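In what follows, a structure is listed as structure tokens, so that the remarks can point back to it.
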Amino acid sequence: MPGTDGRADAAPWIVLALLLAALAVAVVLTTPWDALQGAPVQPAEPDRDFAPAEQAESDAYQSAIRPPVYLGLAVGLAVPLVLGFTPLGAGLVTAAARPLGGGWVWQVLVGGLAVLSAVRLATLAFSAWAESVRRDYGLSTRSWGGWAADLAKGFGLQVAGTLLAVLLLVALARVLPRWWWVAGAVAAAALVVALSFVYPLVVEPVFNRFSPLGDGELRTSLLQMAEDDGVPVEDVLVADASRRTSTLNAYVSGFGATRRIVVYDTLLDQAPAEQVRTVVAHELGHAAEHDVRNGTLLGALLAAAGVCALGGLLGWSWLHARAGVDGAHDPRVLVAVLAIVGLLGFLTAPMQGLVSRRIETRADVHSLDLTGDPTTFTEMQRSLALASHSDLDPPMLTYVLFASHPTAPERIALARSWADVNDAPEPPDLAPVGESGR
Ligand SMILES: [Zn+2]
């Protein structure tokens with residue numbers, strides 16, 4: 001086959017290097033490294049705002065949830081690697097597609113379903129274990145039937161998205177044996193942008209129902225705050241999160257015409273109105289800075305770089321021998337593709353987390369600037385952390401690998417620092433009286 005004569009092609013690696021350089025420049029220039037404009041930020045001090053019993057409850061939950069979550073992640077990464085870098089995966093694809101006959105499209109569809117099912121089955125026990133921990137601690141409010149339905153829906157979306165992407169990749173490799181990765185990189189970037197745009201319309205409704213926040217004082221005050229902020233918001237939507245979880249949350253998704261601010265019904269039910277205002281002010285910060293759109297563009301660059309890496313790796317005859325495939329045009333290559341994509345996602349997670357935490361800090365400062373109320377902000381952070389049994393002082397490795405947000409004590413310390421800079425009264429210690437310190 002052209003392009004698979006065993007010689008490694010340098011072109012994908014050169015384009016990969018250029019894309020990574022562009023990505024690095026974009027990340028360095030657009031990430032808000034210093035949200036408080038040079039002012040010193042106090043250290044996180046969990047003891048000031050969380051009683052020993054509250055910290056112990058959070059520690060107990062975190063110790064219980066880490067094993068199933070991390071083991072599930074490790075198995076979910078290891079199974080595709082073992083299948084993808086040995087002939088086992090190619091054999092599984094061939095065996096799954098054989099009874100039904102057919103060409104390469106069929107092999108991608110049936111073989112892909114078989115491989116994704118194998119990974120899902122291998123991690124199923126860990127998912128169930130994690131759910132039982134959430135139930136034990138009162139964080140999950142859904143039935144086991146509801147859990148299974150959510151799992152099935154998530155798996156269905158994963159299968160549809162993955163098979164579509166792999167089908168496109170193999171088709172391009174068959175039409176453009178030498179340059180498929182160029183077209184693939186462009187397609188992957190476009191797909192990331194399109195998916196992020198339609199996500200609120202296509203994916204979120206699969207899991208939740210959304211309704212406009214009902215008329216009343218809160219709605220009026222939130223829309224007024226958005227107007228004062230100069231952020232056009234047509235509506236604040238409420239998600240029926242309570243049928244799944246007792247945690248409190250809010251988020252912004254989509255961009256342009258699909259942008260929406262969503263608050264959990266649990267937040268409205270349990271947090272006082274002024275705390276809801278500080279949460280929505282944080283989300284307005286994301287909207288004002290176009291964080292979803294900008295994050296999507298960085299994600300598109302990253303996806304294009306990932307396809308270039310695939311272009312380089314899949315032109316490597318050593319890998320063909322390991323994976324038992326002839327090249328990117330071979331439908332059985334899908335297993336190696338899944339393994340490489342999983343590995344790249346894991347390797348880039350620390351960078352994604354670092355950027356995310358800085359962007360979250362900027363949104364926190366936006367909330368503080370907009371409400372001018374650091375005390376309510378700290379009370380809100382305490383409410384959210386207690387409701388989720390958040391990790392108040394995570395191990396360094398956990399934090400670097402997985403944390404998308406600063407910890408609650410870090411966010412509270414930010415609010416105290418903001419109060420110092422802005423000559424506002426410093427929020428008092430929030431640990432219940434008589435129990436603070438340990
Ligand atoms: Zn946020």
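Note that ligands are numbered from 1 as they come in the structure, with each ligand's atoms numbered from 1 the same way. Worth saying up front: this structure is predicted, and the values here are computed from it rather than measured. Numbering of residues begins at 1 and proceeds along the displayed sequence.
Listed by first and then second residue, the side chain to side chain donor-acceptor pair (under 3.5 Å) pairs that reach into residues 262-274 are Ser242-Asp265, sequence neighbours excluded. Applying the side chain to side chain donor-acceptor pair (under 3.5 Å) test to pairs two or more places apart or on separate chains, those with a residue in residues 64-78 are Arg66-Asp391.
In this structure a side-chain-to-backbone donor-acceptor pair under 3.5 Å is present from Thr348 to Gly345.
Using bins of under 30°, 30° to 60° and over 60° for the plane-to-plane angle, the ring pair Trp144/Trp147 lands in the perpendicular bin. Ring orientation note: the planes of His405 and His282 are close to parallel, at an angle under 30° on the 30°/60° scale.
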Pair up each side-chain donor or acceptor in residues 184-194 with any protein partner under 3.5 Å, not counting sequence neighbours, and list the distances.
none

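Around the Zn ion (ligand 1), protein N, O or S atoms at less than 2.8 Å number 3.
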